[in-house]
Enquirer: 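Starting off with a structure, shown below.
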Amino acid sequence: MTEALLVKEAGAVQAAPASGARSFWRRLRTQRAALAAAVVVALLVLVALAAPLLTALAGQDPNAYHPEAVDSAAGGVPLGSFGGIGAEHWLGVEPGTGRDLFARIVYGARVSLGVALFATVVQLALGVTLGLAAALGNRWVDQAISRFTDVVVALPLMVMALALLAIVPQSVPRPVLIAVVVGLVGWSGTSKVVRAQALALKSLDHVAAARLSGWSTWRIARRELLPSLAAPVITYGALLVPANISVEAALSFLGIGIKPPTPSWGQMITEADTWYATAPTYLLIPASLLFVTVLSLTVLGEGVRVALDPRAESRLKVGAAKARMRKRSSR
Amino acid sequence: MTGFLLRRVGGALFVLFALSVLVYAVFYVAPGDVARIACGPRCSTAQIDQVSAQLRLDDPVYAQYWHFLQGIVAGRDYSTGTEIAHCGAPCLGFSYQSDQQVTELILAKLPVTASLVTGAFVLWIIIGVGTGVLSVWRRGRLSERVLTWLTLAGTATPVFVIGLLLIIVFCSTLAWLPFPQYVPLTEDPEQWMWNLLLPWFALALLESAKYARLTRSSMLETLAEDHVRTFRAFGVSERAILGRHALRGAVAPVIALSALDFGTMFGGAVLTESLFGIPGLARELVEAVRTVDLPVVVGLVLVIGFFVVLANTVADVLYAVADRRVVLA
């Protein structure tokens with residue numbers, strides 16, 4: 001009932017035939033918004049990967065203090081217009097400390113994307129394993145896993161993350177810890193989707209044929225179920241990434257995520273709270289980047305969903321035909 | 001229906017029990033010197049010994065848990081050093097750091113969170129369903145695309161960003177509203193409303209995006225069905241088709257999802273409460289986690305979990321009631 005609703009909300013596709021990478025790209029390309037989003041995401045990933053290179057290019061260090069760039073008499077307001085934006089500091093400086101904002105933003109992208117991707121991998125691995133086990137195991141295994149999933153659902157992600165972060169020793173690197181915590185708490189959706197899909201697939205002829213020829217459960221799962229589960233899992237995962245970025249930013253915003261001096265967008269937004277009157281760019285830059293990142297990842301995720309959804313084929317065709325007609329008439 | 005209800009309630013009770021075991025294990029067994037952590041950093045050795053005795057930390061783990069469970073069901077007595085305090089039936093323990101019973105502490109915060117969630121709930125249903133209906137009504141036009149992008153932007157905006165922007169614009173730049181500062185409803189209803197207006201909107205604007213999408217997709221699904229085509233053929237007006245028939249398709253999912261969200265929001269409004277300084281359940285939890293006040297953390301996680309389980313159950317039942325096609329399993 002509500003599980004079906006959650007699955008629908010998540011936008012999971014029906015059991016789709018594995019349609020190959022080439023047709024996936026073809027279908028993704030026809031969606032202009034998704035394509036634009038993909039370009040933005042690619043740029044962000046590039047920036048995150050090349051963070052040391054970019055900061056070296058700018059001649060800045062994310063953790064170096066520049067007291068000369070702020071007006072200490074005025075309480076640490078950045079000197080110059082727009083938060084000190086100029087040739088020296090490309091995006092201005094952090095109020096108070098004068099640390100270079102460009103370097104911190106670029107390294108923040110690294111933290112943000114890295115944590116979100118790692119957490120998604122953990123969520124998908126746990127969700128697929130447990131969901132498949134529930135669907136393929138006997139009644140008791142299914143009951144045990146499904147009840148356990150219910151318990152984890154009842155633990156709000158933020159609540160559990162908050163609590164677990166408090167009791168794990170501080171010596172564990174924070175970004176890794178946060179990714180693992182978010183992963184450990186947030187797999188329940190994936191597991192529900194995978195279980196529902198696998199149960200539907202189980203009744204199909206090719207799976208029955210495999211079972212009749214004496215294949216082991218493990219082999220059936222790997223050879224007959226996983227290929228067909230790829231589409232819903234990729235779809236779900238694509239929408240988990242932006243959600244995880246928001247969670248990391250939120251945890252850091254609350255002061256229990258990434259610890260200073262490691263830069264994080266969420267953390268910058270918290271600190272900017274006290275400076276918005278005198279240095280609004282310090283708030284606007286990380287906030288708008290966070291917005292753009294989550295938005296483009298969401299749009300890309302929607303695009304992936306449509307590209308993997310067999311029922312969306314006709315809609316895409318109509319769209320492509322319309323575009324062709326427009327082109328022809330403009331000629 | 002009765003059997004279905006009983007099974008759902010039984011399942012909910014089991015989930016709550018398992019939740020309490022899990023939470024107890026995570027917080028009372030894992031971290032090591034529980035008495036020292038629960039008591040707080042300023043405790044003397046004698047006080048720590050006393051806490052240790054009260055939590056029965058020398059007993060085996062299952063006995064400790066049994067004791068904890070007994071407190072929830074039947075209540076228990078606490079010695080606060082000078083006197084013996086009785087902690088009534090749903091006893092969730094005693095916060096040694098704030099020198100207060102956890103149940104009382106939570107009961108004091110509950111109306112605050114309830115004020116926030118209820119107000120936001122009304123707003124997000126109105127805005128969300130309204131936007132969804134509007135975008136179906138205007139489908140194929142420019143305004144539909146604008147609405148679709150707006151809702152997409154809504155799902156992509158973190159609540160603390162929109163909240164900060166609302167505060168900056170309305171409290172600072174325009175100065176139309178006071179900086180939010182929670183005033184209890186019983187004290188001054190008018191001030192209560194003015195101070196909660198921004199948090200309500202911050203929470204509702206983003207939440208409503210989800211409802212707009214759900215309303216829209218459910219309505220479009222109904223519109224594609226055969227009986228709607230028949231209505232069209234009989235000349236039923238578009239207004240009647242949308243309002244009377246397509247909207248009906250959205251009722252069950254919207255009701256179920258809103259029951260789910262309403263319950264989840266009791267512990268889920270962490271960011272809104274922190275940002276606007278609303279002293280509710282979620283903010284208390286953040287504080288308790290920061291100060292590692294174990295009894296409060298465990299009590300709050302359990303209470304918040306209770307709301308989530310309750311919401312899940314209610315959502316299931318409402319969905320079955322609102323959509324007669326659902327097979328009760």
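Values reported hereafter were calculated over all heavy atoms of this structure, with side chains retained and with hydrogens, waters and symmetry mates removed. Letters go in sequence order (proteins before strands), and every chain restarts at 1.
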Enquirer: Sort A:Leu283 into side chain, backbone, both or neither according to what part of it lies under 4.5 angstrom from a heavy atom of chain B.
Expert: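 The side chain, not the backbone.
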Enquirer: Against chain A, label B:Leu152 side chain, backbone, both or neither, depending on which of its atoms sit under 4.5 Å from a heavy atom there.
Expert: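 Looking at B:Leu152, backbone and side chain both touch chain A.
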Enquirer: Given heavy-atom pairs under 4.5 angstrom as the criterion, report whether the side chain, backbone, both or neither of A:Ala243 touches chain B.
Expert: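 Neither part, no heavy atoms under 4.5 Å.
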Enquirer: With side chains defined as the heavy atoms from C-beta onward, is the minimum distance between B:Val161 and A:Phe291 less than 4.5 Å?
Expert: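 The answer is no, as the side chains (C-beta and beyond) never meet within the 4.5 Å cut-off.
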Enquirer: Please flag which part of B:Ser274 lies under 4.5 Å from any non-hydrogen atom of chain A: side chain, backbone, both or neither.
Expert: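 Contact with chain A involves the side chain of B:Ser274 alone.
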Enquirer: Does any N or O in the side chain of A:Thr270 come within less than 3.5 Å of the main-chain N or O of A:Phe253, such that one atom is a donor and the other an acceptor?
Expert: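 Such a contact is found between A:Thr270 side chain and A:Phe253 backbone.
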Enquirer: Once you round to the nearest 0.5 Å, how far does OG1 of A:Thr120 lie from CG of A:Asn244?
Expert: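 The CG atom of A:Asn244 is 4.0 Å from OG1 of A:Thr120, to the nearest 0.5 Å.
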Enquirer: Checking B:Phe14 against chain A: side chain, backbone, both or neither under 4.5 Å from a heavy atom?
Expert: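 B:Phe14 touches chain A through side-chain heavy atoms alone.
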Enquirer: Among A:Val292, A:Thr298, A:Leu284, A:Ile269, which residue has the highest count of heavy-atom pairs closer than 4.5 Å to chain B?
Expert: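 The option with the most such pairs is A:Ile269.
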Enquirer: Might you confirm whether atom CZ of B:Phe306 has over 12 heavy atoms from other residues, nucleotides or ligands at distances under 6.0 Å?
Expert: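 Check fails, neighbour count at 12 or below.
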Enquirer: Identify which of B:Leu275, B:Val15, B:Val298 forms the greatest number of heavy-atom pairs closer than 4.5 Å to chain A.
Expert: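 Top option by heavy-atom pairs under 4.5 Å: B:Val15.
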Enquirer: Any chance the side chains of A:Glu248 and A:Ser252 put a donor and an acceptor closer than 3.5 Å?
Expert: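 There is such a pair (donor and acceptor under 3.5 Å, judged by atom type) between the side chains of A:Glu248 and A:Ser252.
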Enquirer: With a cut-off of 6.0 Å (strictly less than), are more than 12 heavy atoms of other residues, nucleotides or ligands near CZ of B:Arg145?
Expert: no
